[in-house]
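The structure appears right after this line, and notes come after that.
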Number of protein chains: 2
Amino acid sequence: MSYKYEYPRAALTVDCVVFGLDEDDLKVLLIRRDMEPFAGRWALPGGFVHVDETLETAAMRELVEETGVQNVYLEQLYTFGDVERDPRERVVSVAYYALVKLSDHRVQAATDAREAAWFSIDDTPSLGFDHQNILATAHERLRGKVRYQPLGFELLPEKFTLRQLQQLYETILDRMLDKRNFRKKILGMGLLKELDEVETEVAHRAARLYRFDKRKYERLTKQGFNFEI
Amino acid sequence: MSYKYEYPRAALTVDCVVFGLDEDDLKVLLIRRDMEPFAGRWALPGGFVHVDETLETAAMRELVEETGVQNVYLEQLYTFGDVERDPRERVVSVAYYALVKLSDHRVQAATDAREAAWFSIDDTPSLGFDHQNILATAHERLRGKVRYQPLGFELLPEKFTLRQLQQLYETILDRMLDKRNFRKKILGMGLLKELDEVETEVAHRAARLYRFDKRKYERLTKQGFNFEI
DNA sequence: GCCTGTTAGTGTAAGTATTACACTAAGCTG
DNA sequence: CAGCTTAGTGTAATACTTACACTAACAGGC
């Protein structure tokens with residue numbers, strides 16, 4: 001095969017599935033398309049990859065341009081390459097996903113004035129392209145990942161109660177956890193530092209506050225420690 | 001952004017990491033490049049994606065063209081998109097991986113007369129591009145996957161002994177397993193059918209032969225059964 | 001100030017899974 | 001028939017998982 005590419009090339013895009021955690025609801029960030037195809041329909045934020053940027057950079061750039069959401073840690077999900085997934089022409093899309101604290105990422109007016117909004121994960125509108133499929137894949141991956149990777153650092157306030165942390169897991173895993181077993185397990189990991197403070201402004205017994213021990217987390221992660229919940 | 005793509009496009013390739021199981025050795029299939037860049041160096045089989053074929057089809061096509069190896073079940077690994085990974089121009093590569101029985105896939109003269117060969121996994125030559133990185137990623141993924149997905153169907157003869165199956169796991173996981181615990185676990189899954197036959201032509205006590213119960217396997221897989229070893 | 005509502009915080013027992021470990025049985029070979 | 005090689009088997013100790021219910025603390029309303 002000669003170097004010069006004789007065939008028409010596939011276009012390359014990135015799409016972002018950004019999950020946002022509300023108090024007790026898992027949401028996903030969507031944009032309303034203003035052009036054909038699927039004009040007026042909701043879709044995942046994303047767009048074409050420039051020739052001088054990495055895939056991850058492209059994903060972050062598109063996310064900011066279309067939704068104003070910044071500083072999220074995107075992880076590669078899967079590459080979707082069916083021939084007919086875009087009605088215009090052949091488009092292969094590398095999908096990324098992330099999980100963020102929703103309150104830190106309220107949608108601003110996006111720079112190109114497209115409409116962006118958070119939707120509850122089990123109440124999303126019908127999406128254009130194969131984005132329903134991408135979203136489902138990301139949701140499944142998120143649930144899988146949470147089982148062997150600890151969560152929280154970026155998803156909770158600096159000081160938080162065990163109840164908040166448990167709620168976070170319950171929201172993502174979409175099932176209830178036993179309070180005592182959860183506490184036993186999570187404290188047993190030794191990643192939380194118990195503080196000499198309790199929460200304030202609650203109309204009942206105040207819960208103790210904890211903080212993540214980030215140094216310990218990094219040490220254990222490097223050793224391949226298993227955080228399964 | 002208008003429909004017509006104003007920027008130079010990245011080229012899209014696929015690369016294949018095909019692991020081959022020998023009796024007790026894990027190998028990987030490489031080709032020797034006959035063109036620049038990296039002419040004469042070994043590399044993973046792969047090539048450009050045509051505009052009218054899926055990524056998986058492209059991966060299988062390139063694999064056959066470059067190595068003659070056919071009928072392998074490729075699974076998507078990761079998409080590598082660093083800007084400088086190909087010295088010629090921007091090339092994004094979707095990597096696939098597979099695990100096959102080596103004896104079924106001896107390398108034939110490839111159709112385009114390139115040299116292809118199997119290399120022991122811990123004795124590979126230095127590879128061109130970022131293929132060392134792709135290979136390492138695939139190897140890690142393979143070990144991870146084996147832990148929660150049963151192996152075997154395509155990797156052993158139809159009738160096999162528990163010793164053979166255990167050896168297969170040991171080769172991939174690269175550690176010894178306890179014979180009694182292994183048997184307990186694997187038989188407890190109920191995926192093996194004990195036959196009324198023993199192996200022949202061995203210079204010691206002959207071991208019982210087993211066969212995979214494929215129906216049962218498919219049933220359990222659908223239910224999300226966990227096959228962890 | 002006391003009653004009520006609400007969440008915090010705690011331990012144990014039963015069951016299940018994991019690990020470590022060593023001998024006898026069978027069949028071939030010389 | 002002695003010796004080599006691998007097959008085949010069970011148990012005890014330990015760790016992990018699950019299920020489960022009561023008292024403690026605090027705020028708010030009366």
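Labels below follow one simple rule: chain letters A, B, ... track the order of the sequence lines, proteins then strands, and each chain is numbered from 1.
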Output the rounded distance in Å from [atom1] ([X]) to [atom2] ([N]).
{"X": "B:R208", "N": "D:dG8", "atom1": "CZ", "atom2": "C1'", "answer": "10 Å"}
{"X": "B:M189", "N": "C:dT18", "atom1": "CE", "atom2": "C1'", "answer": "13 Å"}
{"X": "B:E199", "N": "C:dA26", "atom1": "CD", "atom2": "P", "answer": "16 Å"}
{"X": "B:F182", "N": "C:dA17", "atom1": "CZ", "atom2": "P", "answer": "18 Å"}
{"X": "B:Q166", "N": "D:dT6", "atom1": "CD", "atom2": "P", "answer": "13 Å"}
{"X": "B:I186", "N": "D:dG8", "atom1": "CD1", "atom2": "P", "answer": "15 Å"}
{"X": "B:H204", "N": "C:dG30", "atom1": "NE2", "atom2": "P", "answer": "14 Å"}
{"X": "B:E194", "N": "D:dG8", "atom1": "CD", "atom2": "C1'", "answer": "11 Å"}

* Flag yes if more than 12 heavy atoms outside A:E140 fall under 6.0 Å of its CD atom; otherwise flag no. =>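 No, CD of A:E140 has 12 or fewer neighbouring heavy atoms, counting only those of other groups under 6.0 Å.
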
* Salt bridge between B:D22 and B:K27, side-chain N to carboxylate O under 4.0 Å? -> yes

* Salt-bridge present (A:K145, A:E75; N to O < 4.0 Å) ->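 Yes.
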
* To do: Quick one: closest heavy-atom pair of B:R141 and B:Y97, and the distance?
  => CG-OH, 3.4 Å

* Counting N and O atoms only, with roles assigned by atom type, does the side chain of A:Q70 sit under 3.5 Å from a partner on the main chain of A:V64, one being a donor and the other an acceptor? -> no

* Do the side chain of B:R32 and the main chain of B:W42 share a donor and acceptor less than 3.5 angstrom apart? -> no

* Qualifying residue, where the test is salt bridge (charged side-chain N to carboxylate O under 4.0 Å, His left out) with B:E158 and the options are B:K101, B:K193, B:R211, B:K214 -> B:R211

* base_contact_polar (C:dA26 base, B:R205 side chain, donor-acceptor, <3.5 Å) ->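 Result: no qualifying N/O pair found.
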
* To do: Hey, which sits more toward the 5' end of DNA chain C by its nearest nucleotide, A:T161 or B:A206?
  =>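 That would be A:T161.
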
* Check every strand shown and say whether B:A203 touches a base, only sugar-phosphate, or nothing at a heavy-atom separation below 4.0 Å. =>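 Answer is base: heavy atoms of B:A203 come under 4.0 Å of a base.
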
* To do: Determine the contact category for B:R183: base if any of its heavy atoms lies under 4.0 Å from a base atom, sugar-phosphate if only primed atoms, P, OP1 or OP2 are that close, otherwise nothing.
  =>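 The answer is base, as B:R183 lies within the cut-off (heavy atoms under 4.0 Å) of a base atom.
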
* Structure fact -> For nucleotides 11-20 of chain D, 5' to 3', base contacts (B), sugar-phosphate-only contacts (S) and non-contacts (-) with protein non-hydrogen atoms under 4.0 Å give B-----SBBB

* Structure fact -> Per nearest nucleotide of DNA chain D, the residue lying toward the 5' end, B:K179 or A:V202, is B:K179

